[in-house]
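The block underneath contains the structure these notes are about, expressed in structure tokens.
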Amino acid sequence: MERELPFEPYRVKVVERIHRVPREQRERLLQEAEYNIFKVPSAAIYIDLLTDSGTGAMSDRQWAAMMTGDEAYAQSRSWEDFEATIRRVTGYRHVIPCHQGRAAENLLFGALLDERHVVPNNTHFDTTRANVEFRGAVALDCICDEGRDPQREAPFKGNMSIPKLEAAFARYGGRIPLVMMTITNNSGGGQPVSLANARAVAAVCRARGVPLFLDCARFAENAWFIKRRETGQAGRSIEEIAREFFAQADGCTMSAKKDALVNIGGFIALNDEAIAQKLAARLIIQEGFPTYGGLAGRDLAAVAEGLREVLDEEYLTYRIEQVARLGQRLDGYGVPYLKPAGGHAIYLDARAMLPHIPPAAFPGVSFTAALYLEAGVRACEIGSLMFEHLDPDTGKIVAPALELVRLAIPRRVYSNTQLDYVADACARVRDLGPRLRGLEIVWQPPALRHFLCRLRPLGGRSLIAV
Ligand code: F0G
């Protein structure tokens with residue numbers, strides 16, 4: 001019998017040197033960054049798992065497309081390729097280029113939302129929530145119950161709860177101008193949404209005459225999960241599954257920095273001509289002419305090529321199984337994380353590892369800071385620092401359901417050996433246990449505070465007790 005193929009469907013053509021700076025230097029840099037990992041210089045980071053967004057490696061074909069990109073202001077060849085590829089992949093008629101996902105959100109919500117409105121989503125990503133709330137509207141998460149339980153193994157924990165969505169319509173009725181659905185569900189652990197759930201959500205929206213938009217940053221990874229996990233889907237191509245998923249909705253916002261395999265880019269695609277015209281008019285003010293939208297021609301060309309490449313099932317298998325493999329290493333150490341492993345990231349359960357640190361003292365931030373200090377690895381808290389918010393009914397501050405630390409895996413970048421090092425580092429930080437202190441905020445901006453806030457260990461002492 002023929003042997004199994006090797007794991008990576010690539011060979012390396014360009015390399016980038018990385019360094020692990022000495023521990024004393026990491027300690028100093030962490031203090032200078034005031035324990036905000038976003039402020040630590042990239043050159044002093046050994047393995048950077050802060051995000052999978054814009055951090056992937058482009059292919060030789062993408063770099064070639066960059067070189068032949070057409071920089072004409074209007075109607076460039078690269079735009080034609082971008083538009084045609086997005087139309088083919090999504091099936092939507094109108095394509096609005098944007099420089100990244102949040103620009104797409106800003107444009108769409110700027111055109112459709114005001115302070116009376118409520119937007120249901122399975123779980124809003126942080127910029128999506130911020131863009132809804134910036135209009136004075138309410139961002140309402142309607143995640144299914146299994147999506148709230150970090151230890152429960154279920155195939156589609158990103159699904160939207162149909163009863164919660166129906167309850168939102170019963171309660172807010174005419175105040176809901178659109179419903180969003182995030183695939184895969186980043187803030188809920190990179191968990192996929194099933195086709196069956198998309199059909200059910202679409203039926204609820206159609207019955208109310210309300211459009212459904214996908215936040216489709218990781219649509220190809222979502223389609224791979226459907227192929228592997230949903231009954232009757234195994235024989236279909238990723239492209240077919242993705243097309244059917246898009247067909248349930250009326251449009252999408254996309255951060256191309258994820259599943260279009262590029263370092264910058266995004267778009268809105270949709271069927272409604274009147275909305276498309278409104279968006280194009282706003283686009284000219286905010287981003288650029290409607291055939292480039294804040295991007296260079298070469299960026300458009302790289303997105304088009306990336307969207308073709310991401311539909312390759314062998315790539316997706318390597319990609320998602322690399323993340324799962326990191327999960328298995330963590331299982332070996334007994335490090336708890338949100339099960340099953342997500343498509344683009346592992347979400348460590350900081351509350352379970354650091355039960356002595358309450359949400360208000362940010363256990364996820366404490367773990368993240370210690371992971372950098374101990375190993376030079378950069379992760380990202382997805383917990384109270386990022387998602388604590390005001391309950392619109394009670395006016396009280398509520399912590400999110402989970403205190404997580406995300407290890408986001410850039411696409412086509414790190415080897416399994418490097419990820420083994422990360423798993424080992426996580427186990428060592430977990431073993432610090434009660435020696436690890438919580439943190440307090442010294443200063444914070446009014447919105448998206450995790451990016452800019454300044455922190456210090458509680459009581460102004462060291463992060464790790466001796
Ligand atoms: N929607 C989702 C689901 C995302 O994950 C992101 C970005 C955005 C929208 C915004 O896109 O960054 O291009 O403006 N997520 C990154 C992350 C930042 O680290 O998960 P953007």
Side-chain angles (χ1 to χ4, degrees), residues 37-38 42 48-56 96-110 119 121-134 139 141 143 147 157-158 160 178 180-193 213-222 225 245 249 251-269 286-287 293-295 299 302-303 306-307 310 323 338 342-347 364 368 378-383 385-387 404-411 413 447-448 450-452:
I37 206 74
F38 284 92
S42 151
D48 199 350
L49 306 184
L50 182 66
T51 178
D52 64 320
S53 180
T55 52
I96 315 279
C98 299
H99 78 269
Q100 63 181 80
R102 68 200 70 181
E105 292 160 3
N106 180 22
L107 198 67
L108 184 70
F109 298 158
V119 180
N121 199 328
N122 41 357
T123 312
H124 286 83
F125 180 64
D126 62 351
T127 62
T128 325
R129 171 173 286 279
N131 268 299
V132 169
E133 291 175 349
F134 184 67
D141 290 343
I143 188 69
K157 288 171 79 171
M160 192 179 281
L178 81 164
M180 295 286 299
M181 178 180 251
T182 310
I183 58 169
T184 55
N185 187 30
N186 185 9
S187 305
Q191 301 294 318
V193 175
F213 275 79
L214 304 176
D215 177 348
C216 67
R218 300 176 182 85
F219 75 94
E221 291 168 5
N222 198 79
F225 280 118
F245 206 108
C252 63
T253 57
M254 169 84 180
S255 168
K257 299 169 76 171
K258 287 81 169 176
D259 270 355
L261 305 172
V262 291
N263 306 119
I264 194 74
F267 57 84
I268 301 172
Q286 289 180 17
E287 292 271 296
L295 292 165
D299 298 327
V303 169
L307 285 173
V310 81
V323 179
L338 197 150
H344 67 294
I346 295 283
Y347 294 66
T368 304
R378 177 154 67 174
C380 183
E381 186 250 20
I382 300 202
L385 187 66
M386 189 183 273
F387 277 123
L404 302 171
V405 171
R406 187 182 70 171
L407 307 171
I409 313 301
R411 293 169 181 77
V413 171
L448 294 173
H450 51 287
F451 289 123
L452 299 174

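Just so you know, ligand 1 is whichever comes first in the structure, and atom 1 is the first atom listed for that ligand. Here the structure is a predicted model, which means the values were calculated and not measured.
A search for salt bridge (charged side-chain N to carboxylate O under 4.0 Å, His left out) contacts involving E133 returns R129, not counting sequence neighbours. Contacts of R378 classified as side-chain hydrogen bond (donor to acceptor under 3.5 Å, both in side chains), with partners at least two apart in sequence or in another chain: D48. For F38, the ring-ring contact (aromatic ring centres under 6.0 Å, His included) criterion is met by F451, not counting sequence neighbours.
The residues lining ligand 1, counting any heavy atom closer than 4.0 Å, are T51, S53, Q100, G101, R102, E105, F125, T127, T182, N186, D215, R218, S255, K257, K258, R406.
With hydrogens and angles disregarded, no donor-acceptor distance shorter than 3.5 Å links the side chain of N121 to the backbone of D141.
Salt bridge status for D52 with R411: present, with a side-chain N to carboxylate O gap under 4.0 Å.
To the nearest 0.5 angstrom, I346 atom CD1 is 7.0 Å from I409 atom CD1.
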